[in-house]
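Some notes on the structure that comes next.
We're numbering straight along the sequence, starting at 1.
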Amino acid sequence: MYYRRIFRRQYQFFFMKAIQYMNHINVKPVKTRYDYFEDYLIIDGIPIVSYLEQHKPVSLSMFHSLLGLLPAWSGKLIWQWENDFIWEMVNSLEELNVPILVCEDDCDFSCIVIVAHIHKDKNTVYWDKIGLLNHSNINRKEYEQSGILCLEAYTEEDWIRYGDNIAQETYGSLEYWKWVSENCYEENIRKLRNYLKPYLQKDQNIEWIWNPEWQFQKELYEVIIQYYQKLKNIPTVRLKTP
């Protein structure tokens, strides 16, 4: 019994020390450089965009300020398939580079896309690196053909559903464009899953900006995720200060 008590005390001591070294994550409305508010992640009391402004790379020097970037998890991107794609990655158990901020003017993946390298274990979520998506290596032809005609990505269900119809078409055919016009969401989210997701995971396609090596308690992190999940279902209203 004596040794059990000693072991228990040592375990509690080291567990509490581990918690002390965890980074604190929160989310709250922060006034942007445009005087409206965005719900930004707050890491150890500092908004995520403020960290980015401090570590701004030369490649983003043309932008006067990064203090108005759009939170990628907010549900405010223009295209629904991009919002849904981001949430597939946020909720994934895989080790991934996940978009966290995008350009506030374009509100999509076409301009600034800031990613975090995220992985998880039973009790902890790790953000090792923060980087900028490099669009220059994107093969536009491959991207455009990575939707419904990307047969190597087909599941058994896909073959049952599409194997005797659209899967037999060629890219650019009249039937293909007719199908795309009727299934725009499906075509575009397939392109994101089949092309952009693996593209995001290659180091040569990311300009790594800095390595914060943040560690978050998983329970607290999941509270933040739930907050954004609720937020993305609320119509966008950008409030300005009086």
Side-chain angles (χ1 to χ4, degrees), residues 27-43 46-90 96-118 127 129-140 143-144 146-147 184-185 187-189 191-193 195-197 199-200 205-210 212 224-225 227-242:
V27 58
K28 70 177 183 179
V30 175
K31 186 172 72 171
T32 70
R33 59 183 293 241
Y34 307 107
D35 280 343
Y36 60 73
F37 287 82
E38 290 289 5
D39 292 88
Y40 285 128
L41 290 169
I42 311 296
I43 315 296
I46 300 174
I48 186 69
V49 286
S50 296
Y51 282 109
L52 194 60
E53 186 72 15
Q54 293 170 16
H55 296 275
K56 184 192 295 183
V58 174
S59 56
L60 291 179
S61 60
M62 68 186 75
F63 296 91
H64 176 67
S65 172
L66 302 178
L67 298 179
L69 290 176
L70 178 68
W73 303 357
S74 64
K76 297 178 184 177
L77 277 68
I78 291 177
W79 306 113
Q80 187 58 43
W81 48 81
E82 291 188 348
N83 288 307
D84 292 348
F85 170 70
I86 286 174
W87 274 96
E88 288 180 2
M89 300 185 75
V90 171
L96 294 172
N97 298 326
V98 181
I100 57 172
L101 296 161
V102 300
C103 176
E104 68 274 23
D105 292 326
D106 297 279
C107 301
D108 61 17
F109 292 154
S110 67
C111 186
I112 297 175
V113 180
I114 304 298
V115 303
H117 181 82
I118 301 175
W127 283 29
K129 300 182 287 187
I130 304 293
L132 171 68
L133 175 63
N134 177 1
H135 294 82
S136 65
N137 295 324
I138 291 176
N139 185 312
R140 183 54 57 180
Y143 175 77
E144 290 300 332
S146 65
C184 187
Y185 176 93
E187 174 70 356
N188 281 284
I189 199 164
K191 289 177 181 178
L192 296 176
R193 291 168 178 162
Y195 187 91
L196 188 61
K197 182 180 178 181
Y199 182 92
L200 279 166
N205 300 327
I206 306 293
E207 177 188 352
W208 294 113
I209 300 172
W210 91 102
I224 303 303
I225 298 302
Y227 177 93
Y228 275 115
Q229 285 176 330
K230 293 178 181 178
L231 183 69
K232 71 186 179 72
N233 296 320
I234 299 175
T236 300
V237 178
R238 286 180 167 172
L239 300 178
K240 290 192 175 183
T241 52

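- Partners of K56 according to the salt bridge (Lys or Arg N to Asp or Glu O under 4.0 Å) rule, which considers only residues two or more places apart in sequence or in another chain, are E53.
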For this session: Start with the C-alpha gap between E104 and E38, add the side-chain angles, then the distance that decides, and say whether side-chain contact (heavy atoms from CB on, under 4.5 Å) holds.
Result: CA-CA 10 Å; E104 68 274 23; E38 290 289 5; 6.0 Å; no
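- Take E144 and apply the side-chain contact (heavy atoms from CB on, under 4.5 Å) test, not counting sequence neighbours, and it matches R140, Y171, K191.
- The two residues C111 and F63 come nearest to each other via the heavy atoms SG-CZ, 4.3 Å.
- Residues G68 and Y36 share a closest heavy-atom pair of O-OH, 4.3 Å.
- Note that the CG atom of L133 and the CD1 atom of I112 stand 11.0 Å from one another [nearest 0.5 Å].
- A salt bridge links R193 to E88: one of the charged nitrogens lies within less than 4.0 Å of a carboxylate oxygen.
- V98 is not listed as a side-chain neighbour of W127, based on a closest heavy-atom distance of 4.5 Å or more.
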For this session: Start with the C-alpha distance between S50 and L67, add both sets of side-chain angles, then the distance that settles side-chain contact (heavy atoms from CB on, under 4.5 Å), and finish with yes or no.
Result: CA-CA 7 Å; S50 296; L67 298 179; 4.2 Å; yes
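- A distance of 8.0 Å separates CG in L192 from OG in S146, rounded to the nearest 0.5 Å.
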Exercise. Between L200 and L96, is a side-chain contact (heavy atoms from CB on, under 4.5 Å) present by the stated rule, with each step listed?
Worked result: CA-CA 8 Å; L200 279 166; L96 294 172; over 6 Å; no
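- Applying the ring pair (Phe, Tyr, Trp, His ring centres under 6.0 Å) criterion to F85, with sequence neighbours excluded, gives no partner residue.
- Partners of S59 according to the side chain to side chain donor-acceptor pair (under 3.5 Å) rule, which considers only residues two or more places apart in sequence or in another chain, are E207.
- Legend: residues meeting ring pair (Phe, Tyr, Trp, His ring centres under 6.0 Å) with W79, ordered by chain and number and at least two apart, are W81.
- For S61, the side chain to side chain donor-acceptor pair (under 3.5 Å) test picks out no residue, with sequence neighbours left out.
- With sequence neighbours excluded, the residues satisfying ring pair (Phe, Tyr, Trp, His ring centres under 6.0 Å) with H55 are W210.
- Atom-to-atom distance recorded for Y143:OH and L196:CG is 6.5 Å, nearest 0.5 angstrom.
- In this structure, NZ in K129 is found 12.0 Å from CD1 in I209, a value given to the nearest 0.5 Å.
- Checked by atom type and distance alone, the side chain of Y199 never pairs as donor or acceptor with a backbone atom of N139 at under 3.5 Å.
- For Y227, the side-chain contact (heavy atoms from CB on, under 4.5 Å) partners are V27, D39, L231, not counting sequence neighbours.
- Although no hydrogens or angles enter the test, the distance criterion places no donor-acceptor pair under 3.5 Å between the side chain of Y228 and the main chain of A72.
- The shortest heavy-atom contact between N137 and Y195 is O-OH, 4.0 Å.
- In this structure D84 satisfies the side chain to side chain donor-acceptor pair (under 3.5 Å) test together with Q80, Y185, sequence neighbours excluded.
- Just one residue in the list V115, L101, I100, I206 forms a side-chain contact (heavy atoms from CB on, under 4.5 Å) with I130, and that residue is I100.
- In terms of the ring pair (Phe, Tyr, Trp, His ring centres under 6.0 Å) criterion, F109 has no residue partners (sequence neighbours excluded).
- The only option from D105, T32, I114, V113 that meets the side-chain contact (heavy atoms from CB on, under 4.5 Å) definition with L69 turns out to be I114.
- Annotation: side-chain hydrogen bond (donor to acceptor under 3.5 Å, both in side chains) contacts involving residues 106-117, sequence neighbours excluded, comprise E95-H117, N97-H117, D108-S110.
- Partners of E82 under the side chain to side chain donor-acceptor pair (under 3.5 Å) rule, at least two apart in sequence or in another chain, do not exist in this structure.
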